[in-house]
Trainee: 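One structure coming up, written as structure tokens, with questions to follow.
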Amino acid sequence: MNEPAVPPEEGGLVRLRLDLSYDGTDFAGWAKQPGLRTVQGLLEDALAKQPPGRSVPRPVVVAGRTDAGVHARGQVVHVDAVPLRPGEGRVPVDEHGIPDLQRMRHRWNRILPPDVRVIDARIAPDGFDARFSALRRHYRYQVSDAPWGVDPLRRRDTLAWNRPLDVETLNEAAAELLGLNDFAAYCKPREGATTVRELQRFEWERVDEHLVVAHVTADAFCHSMVRSLVGTLLMVGDGRRQVRWPADLLRERQRTTSVAPAHGLTLVGVEYPPDEELAARAARARAVRTLE
């Protein structure tokens, strides 16, 4: 399902890029699971009821799977559609055999519940793969260290931390984790999956008196990596652990048990290279990385 679509002029499929936003509170994560409410399940249901072509023969492919309770403001997926033939159906189509995607977006959003929206839809450029073509993913984690907890209006996307946090200490510890490393200490292990990642940004800022925000960027993230990084750093920021502790865990590959709750985490964006570099980027990303 991750291979490029065959060009429609060769009798193949048309690849579309969809940009999504969702409140993860009431979802059992991104991935489709029997009997559970998931973002993928609802999106594929909407695409089945209002396909962008004659049909959607494959599951959608997502830039980054999110866990139960995690939100997204800039999620990206691709979907391959069987193009309509000229004159087929009751709506006009473009040269790709696809109806007006802004009209289709309106139809999908009428089917979808209000906690997930299709923000944009377009024909994907040649070589585009939502997962493998991505250069980097950007996440945000919000924490309130107010003694009274979280502003009630932010309770669904902000963690309450009952100890004051020192942002300078947080940034000092975070800087030691940057770069290409084996993040086995910060990932849930999966058989056959690498835990080598390039952490490109890990910065903390205090945006108001009680709200602290972590900005985390990497080329890719393994399972629970962002929440493990944040949870471990919070123990440093409130003074219960030494600044060197997170880096010690990294070097020793000792699995951390300090995993921040899901609801404070939001995927804010996915970054891609110029169109002419998409296919090459996807080919490189499919290769399993090591530190050697």
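The analysis underlying the following values was restricted to heavy atoms, covering all of them including side chains, and did not include hydrogens, waters or symmetry mates.
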Trainee: What pair of heavy atoms forms the shortest contact from Arg105 to Ile119, and how long is it?
Mentor: NH1-O, 2.8 Å
Trainee: Taking Ala63's backbone N and O only, do any of them form a donor-acceptor pair with Arg137's side chain (distance below 3.5 Å, no angle check)?
Mentor: yes
Trainee: Are the charged groups of Asp219 and Arg284 less than 4.0 angstrom apart, N to O?
Mentor: no
Trainee: Please check this pair: side chain of Gln75 against backbone of Gly64, looking for a donor-acceptor N/O pair closer than 3.5 Å.
Mentor: yes
Trainee: With the side chain counted from C-beta on, respond yes when Asp115 and Arg37 share a heavy-atom pair under 4.5 Å apart, and no when they do not.
Mentor: yes
Trainee: Roughly how far, to the nearest 0.5 Å, is the NZ atom of Lys188 from the NE2 atom of His223?
Mentor: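 The distance works out to 5.0 Å.
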Trainee: Out of curiosity, Arg131 CZ to Arg286 CZ, how far, rounded to the nearest 0.5 Å?
Mentor: 8.5 Å
Trainee: May I ask you to decide if the ring planes of Phe221 and Tyr139 are parallel, tilted or perpendicular, using 30° and 60° as cut-offs?
Mentor: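 Judged by the thresholds at 30° and 60°, the geometry between Phe221 and Tyr139 is perpendicular.
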Trainee: Identify the two heavy atoms, one from Pro59 and one from Gln40, that lie closest to each other, and give their separation to 0.1 Å.
Mentor: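 That would be CB-NE2, 4.1 Å.
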Trainee: Quick one, Leu159 and His263 - any side-chain contact, counting heavy atoms below 4.5 Å?
Mentor: yes
Trainee: What is the distance from atom CZ of Arg281 to atom CG of Leu135, rounded to the nearest 0.5 Å?
Mentor: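 Going from CZ on Arg281 over to CG on Leu135, the span is 5.0 Å.
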Trainee: Side-chain heavy atoms nearer than 4.5 Å, only ILVMFWY residues, links allowed to pass through others: does that put Val259 and Leu250 together?
Mentor: no
Trainee: Hey, mind stepping through Asp80 and Arg15 against salt bridge (charged side-chain N to carboxylate O under 4.0 Å, His left out) and telling me if it holds?
Mentor: CA-CA 4 Å; Asp80 294 331; Arg15 179 158 291 182; 2.8 Å; yes
Trainee: Do Glu176 and Arg244 touch side chain to side chain, with heavy atoms closer than 4.5 Å?
Mentor: no
Trainee: Count the heavy atoms belonging to other residues, nucleotides or ligands that lie under 6.0 Å from CD of Glu168, then report whether that count exceeds 12.
Mentor: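 Open: at most 12 neighbouring heavy atoms sit under 6.0 Å from CD of Glu168.
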Trainee: Hydrophobic clusters here meaning ILVMFWY residues chained together by side-chain heavy-atom distances under 4.5 Å, can you tell me if Val60 and Ile111 are in one?
Mentor: no
Trainee: If you define the side chain from C-beta out and look only at heavy atoms, does anything of Val116 sit under 4.5 Å from Ser21?
Mentor: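 Result no, sub-4.5 Å side-chain heavy-atom pair not found.
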Trainee: Working to the nearest 0.5 Å, report the span between CE of Met104 and CD of Gln102.
Mentor: 11.0 Å
Trainee: Examine distances only and state if a side-chain atom of Arg140 and a backbone atom of Val268 form a donor-acceptor pair shorter than 3.5 Å.
Mentor: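 No.
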Trainee: Verify side chain to side chain contact (heavy atoms under 4.5 Å, CB included) between Asp238 and Asn162, making sure each step is shown before the conclusion.
Mentor: CA-CA 9 Å; Asp238 69 13; Asn162 62 2; over 6 Å; no
Trainee: What closest approach, in Å, do Leu278 and Ser133 show between heavy atoms, and which atom pair accounts for it?
Mentor: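 That closest heavy-atom pairing would be O-OG, 3.3 Å.
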Trainee: If you count heavy atoms of other groups shown closer than 6.0 angstrom to CZ of Arg253, is the number above 12?
Mentor: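 No, because the 6.0 Å sphere around CZ of Arg253 holds 12 heavy atoms or fewer from other groups.
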Trainee: Just checking Arg103: does its CZ atom have more than 12 heavy atoms from other residues, nucleotides or ligands closer to it than 6.0 angstrom?
Mentor: no
Trainee: Does Arg197 form a side chain to side chain contact (heavy atoms under 4.5 Å, CB included) with Asn181? I'd like the steps, not just the answer.
Mentor: CA-CA 6 Å; Arg197 298 291 188 271; Asn181 293 293; over 6 Å; no
Trainee: Decide whether Tyr141 and Thr266 meet the rule of one side-chain donor and one side-chain acceptor closer than 3.5 Å.
Mentor: no
Trainee: So, for Arg156 and Thr25, which heavy atoms are closest and what is the spacing to 0.1 Å?
Mentor: NH2-CB, 3.4 Å
Trainee: When rounded to the nearest 0.5 angstrom, what is the spacing between CG in Asp145 and CZ in Arg206?
Mentor: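 Result: 4.0 Å between the selected atoms.
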Trainee: Determine, stepwise, if the pair Ile98 / Val93 fulfils side chain to side chain contact (heavy atoms under 4.5 Å, CB included).
Mentor: CA-CA 5 Å; Ile98 299 297; Val93 299; 5.8 Å; no
Trainee: So which heavy atom on Leu233 is nearest to which on Ala174, and how close?
Mentor: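 Answer, listing the atom of Leu233 first, then Ala174: CD1-N, 3.7 Å.
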Trainee: Say whether Leu178 and Val236 are linked into one hydrophobic cluster, either directly or through other cluster members, by side-chain heavy-atom distances under 4.5 angstrom.
Mentor: yes
Trainee: Just verifying a value: how many Å separate Trp108 CH2 and Leu47 CG, rounded to the nearest 0.5 Å?
Mentor: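 Answer rounded to 0.5 Å: 6.0 Å.
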Trainee: Do Arg54 side-chain atoms and Pro83 backbone N/O form a donor-acceptor pair below 3.5 Å?
Mentor: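 Present.
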Trainee: Counting heavy atoms not belonging to Asp126, are there more than 12 under 6.0 Å from its CG?
Mentor: no
Trainee: As a test of understanding, state which of Lys49, Lys32, Arg58 forms a salt bridge (Lys or Arg N to Asp or Glu O under 4.0 Å) with Glu44.
Mentor: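 Of the listed options, the one satisfying the test is Lys32.
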Trainee: Are Leu265 and Val150 linked, directly or through other ILVMFWY residues, by side chains that come within less than 4.5 angstrom of each other?
Mentor: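 Different clusters: Leu265 never reaches Val150 through Ile, Leu, Val, Met, Phe, Trp or Tyr contacts under 4.5 Å.
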Trainee: Would a hydrophobic clustering, with Ile, Leu, Val, Met, Phe, Trp and Tyr connected at side-chain separations under 4.5 Å, put Trp245 with Leu165?
Mentor: yes
Trainee: Would you please test Arg17 and Val76 for side chain to side chain contact (heavy atoms under 4.5 Å, CB included) and show each step?
Mentor: CA-CA 7 Å; Arg17 169 178 168 165; Val76 179; 3.7 Å; yes
Trainee: Does a donor on one side chain and an acceptor on the other come within less than 3.5 Å for Thr158 and Ser144?
Mentor: no
Trainee: Hey, is CZ on Arg255 packed in by over 12 heavy atoms from elsewhere, all under 6.0 Å?
Mentor: yes
Trainee: Decide yes or no for Leu20 and Val77: does some side-chain heavy atom of the first lie under 4.5 Å from some side-chain heavy atom of the second?
Mentor: yes
Trainee: Mind listing the closest non-hydrogen atom pair of Ala185 and Gln254 along with its distance?
Mentor: CB-O, 3.1 Å
Trainee: Using side-chain heavy atoms (C-beta onward) and a distance below 4.5 Å, is Leu16 in contact with Leu101?
Mentor: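 Contact flag for Leu16/Leu101 side chains = yes.
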Trainee: Run the side-chain donor-acceptor check on residues 209-217: report pairs under 3.5 Å with partners two or more places apart or on a different chain.
Mentor:
unit_1, atom_1, unit_2, atom_2, d
His215, NE2, Glu205, OE2, 2.8
Thr217, OG1, His138, ND1, 2.8

Trainee: Using the side chain to side chain contact (heavy atoms under 4.5 Å, CB included) rule, pick out the option among Ser258, Ser224, Pro246 that qualifies with Tyr186.
Mentor: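 Single side chain to side chain contact (heavy atoms under 4.5 Å, CB included) partner of Tyr186 among Ser258, Ser224, Pro246: Pro246.
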